[in-house]
Amino acid sequence: MKRITLLAIAFVATLLITSCEEKSCNCDEQETPVQGAPANIIPIAAADSLYKNYGNSRVALIELAENLTEEGDTIPKEDANYKKATRAVTMPYKQLKEYMAYIEQQADSANVDILEMRIYFGKYKDTYKQKNKKGRATVFLNPATEFTLADGTKDTVSYAIVTGVDGKKRAVMVGDILSPKKGMNKLEDDETIESMSGNHGTLRPPPPLTGGDFQ
């Protein structure tokens, strides 16, 4: 009888330990709630003001420059070839989260701290394969971390991940990769380069009949 009681106690204790471990594991998986709005949140009216300021001071100039024929004639707005200025670049939220998770994973593998996220302005060539993007402005992303520059100063610079022949990964400034002969970090022939740049968003001109507000 005593042996049965001891076995029962051991069984219950095992269940309790397992339950606690599972509960602890589930708790770890829960995200920590955000305590209040972050510092970079701005009022809707302020966002709308930024949008309209850009529209009033930049859009007309961009469209004027982009809608000239080779002879110097202006393409009218009602023409099918008229290029509207890019006013927004959208990306599926899930895709953005996957991108963020990917660069964080790569940063961990190379022991890199992501200090900044750079948002660069870019432009598609007039010969780009997708008709709706030809000649249009866009943005692309790239993480940045701190590097020691050639003059000994330190600054945050966009980087890519390079995998050496020994399998070890490290962050290398994109300038060193684009101009390897001038770069501080010389690359070996057998090393592989992984880009951290993210793009392929959807370009949006102003939605019709919105009164010029951002949407």
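Below, each value reflects all heavy atoms present in this structure, side chains not excepted, and no hydrogens, waters or symmetry copies. Because the structure is predicted, anything quoted here is derived from the model rather than measured.
- No hydrogens or angles considered: nothing links the side chains of Ser197 and Tyr120 as a donor-acceptor pair under 3.5 Å.
- You'll find the side chain of Thr86 stays beyond 4.5 Å of the side chain of Thr138, heavy atoms only.
- For Tyr99, there are no side chain to side chain donor-acceptor pair (under 3.5 Å) partners at least two apart in sequence or on another chain.
- In this structure, Arg170 contributes its side chain and Asn111 its backbone to no donor-acceptor pair below 3.5 Å.
- Applying the side chain to side chain donor-acceptor pair (under 3.5 Å) criterion to Asp126, with sequence neighbours excluded, gives Lys83.
- With contacts defined as side-chain heavy-atom distances shorter than 4.5 Å, the pair Val112/Lys169 does not qualify.
- Within the 4.5 Å cutoff, the side chain of Phe140 has no heavy atoms near those of the His200 side chain.
- Qualifying side chain to side chain donor-acceptor pair (under 3.5 Å) partners for Thr145, counting only residues two or more places apart in sequence or in other chains: none.
- Residues Leu50 and Ile42 meet the side-chain proximity criterion, which asks for heavy atoms closer than 4.5 Å.
- Side-chain contact between Tyr159 and Val157: absent, with no pair of heavy atoms (C-beta onward) separated by less than 4.5 Å.
- For the pair Thr74 and Leu68, the minimum side-chain heavy-atom distance is below 4.5 Å.
- Counting all heavy atoms, side chain and backbone alike, Tyr128 lies closest to Lys134 at O-CE, 2.7 Å.
- For CD of Glu70, the number of neighbouring non-hydrogen atoms (other residues, nucleotides, ligands) closer than 6.0 Å is 12 at most.
- Side chains of Gln106 and Tyr102 form a contact here, defined as non-hydrogen atoms less than 4.5 Å apart.
- In this structure, Phe147 and Val172 approach most closely via the heavy-atom pair CZ-C, 4.0 Å.
- Grouping the Ile, Leu, Val, Met, Phe, Trp and Tyr side chains by contacts below 4.5 angstrom, directly or via other members, places Met117 with Ile161.
- Side-chain heavy atoms closer than 4.5 Å link hydrophobic residues (I, L, V, M, F, W, Y) into clusters, and following such links, possibly through other members, connects Ile119 to Tyr124.
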